[in-house]
Amino acid sequence: MALSIKNRKIAVVGVGAVGASTAFALAVSGLATELALVDVHKAKAEGEAMDLAHAAAFIKPIQIYAGNFEDCRDAGIIIFTAGAGQKPGETRMDLLKTNYRILKDCLTQMALTDENILIIASNPLDVLTYAALKATGLSPERVFGSGTVLDSSRFRHILSEHCGVAPRNVHATVVGEHGDSEVMLWSLADIAGTRIDHFCELVGVPPIKREEVDKQVRNAGYEIISRKGATYYAVSLAIKRICESVIRDENTILSVSGLVDGHYGIDGCCLSLPSIVNSRGRGYPLELPLAAEEEAALRRSAEVLRKAIASLNL
Ligand code: 6V0
């Protein structure tokens, strides 16, 4: 059933750095009519809700309040950002046990149905998305992760800086795990319909050093965390972009993370592939033709995720 245009209530579970930034992005966007902020640290949720609600005179009408898990049940979209974040030197996978426990606890209290769309942003998000699917029994289109929408934006940003064109004109996608094994799809990257290497020649900039760019995209989160302790602005806008595509029933292609069912011979995990996102949630992922080494890297990424899933004994 499509998300009713009337149901523009969004619940954000976990109102730390990512949750609060997401709430801010959503409040400014005018997309939601109601924003419920839920956190075990109730005072924090109340404080964030008050702070945002005091922007009422400058934004479109919206009700913003600190809620509880019951407030998630009639929300069109629930954004899950609760749990521990990476500390300097930690990988996303290091958060698995702690965040899985928190996710399970929250899901039990939320009691969601296929009327809801659940978007997972907490890490390791692909594994948690799979765990959420199993725990809720919801259909795969209703449960997905913010995936590599953020990583793809980082990829586009770096290419756009190098080539001297707007990031909107750069089509470049990251697939696989939102994490260390992610895969930059160079074979499909283009600017104005032409391959990146050709574009560089065309505008007279040096050729791209792919390995360096790969490293920059993959390590972007670590670089930010080593400097400021957390990342939250760009991911909050990635989440807002996903919500926009759902609420406006856009059919936008975004690299969200969801169940893979035989794509590229992979199953038994969630990972990011370019997928149609609309009011029903995550539609079908596109099985685009990849270079052989990209396909092999995607399978290795799936293997990493399947191992992590197996460690949870779901
Ligand atoms: P944070 O600032 O520590 O906030 C986490 C919040 O979760 C806190 O306010 C906690 O009180 C709350 N919380 C903890 N347990 C519960 C619970 N049981 N119920 C409700 N709330 C709870 O962390 P931050 O906001 O920086 O990160 C949150 C998650 O997002 C982490 O797992 C990060 O790794 C992940 N990120 C995901 C990104 C992505 O691209 N998807 C990007 C950055 C961070």
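In each ligand, atom 1 is the first atom listed, and ligand 1 is the first ligand listed.
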Rounded to the nearest 0.5 Å, how far apart are CD1 of Ile119 and SG of Cys243?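 Ile119 atom CD1 to Cys243 atom SG measures 4.5 Å (nearest 0.5 Å).
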In Å and rounded to the nearest 0.5 Å, what is the CD1 to CG distance from Ile10 to Leu37?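 Reported value, rounded in 0.5 Å steps: 11.0 Å.
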[X] contact mode with ligand 1 (heavy-atom cut-off under 4.0 Å):
{"X": "Ala20", "result": "neither"}
{"X": "Ala82", "result": "both"}
{"X": "Asn123", "result": "both"}
{"X": "His178", "result": "side chain"}

Identify the protein heavy atom lying closest to [atom], giving its residue, its atom name and the separation to 0.1 Å.
{"atom": "atom 22 (C) of ligand 1", "answer": "Val40 CG2, 3.4 Å"}
{"atom": "atom 43 (C) of ligand 1", "answer": "Thr231 OG1, 3.1 Å"}
{"atom": "atom 2 (O) of ligand 1", "answer": "Ala17 N, 2.9 Å"}
{"atom": "atom 11 (O) of ligand 1", "answer": "Asp39 OD1, 2.6 Å"}

Return a yes/no value for [X]: is any of its N or O atoms, backbone included, closer than 3.5 angstrom to an N or O of ligand 1?
{"X": "Val18", "value": "yes"}
{"X": "Leu150", "value": "no"}
{"X": "Asn99", "value": "yes"}

Atom indices of ligand 1 within 4.0 angstrom of Ile102 heavy atoms, with elements: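 Contacts of ligand 1 toward Ile102, numbered from 1: 15 (N), 16 (C), 17 (C), 18 (N).
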Numbering the atoms of ligand 1 from 1, which are under 4.0 Å from a heavy atom of Thr81?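 Here the atoms of ligand 1 in question are 28 (C), 29 (C).
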Regarding atom 41 (N) of ligand 1: of the candidates Gly221, Gly16, Ala121, which has the closest heavy atom?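 Among Gly221, Gly16, Ala121, the closest heavy atom to atom 41 (N) of ligand 1 comes from Ala121.
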Residues Glu48 and Lys44 bridged, charged N to O under 4.0 Å: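 Yes.
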Under the side-chain hydrogen bond (donor to acceptor under 3.5 Å, both in side chains) test, which residues partner His41, sequence neighbours left out?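 His41 satisfies side-chain hydrogen bond (donor to acceptor under 3.5 Å, both in side chains) with no other residue.
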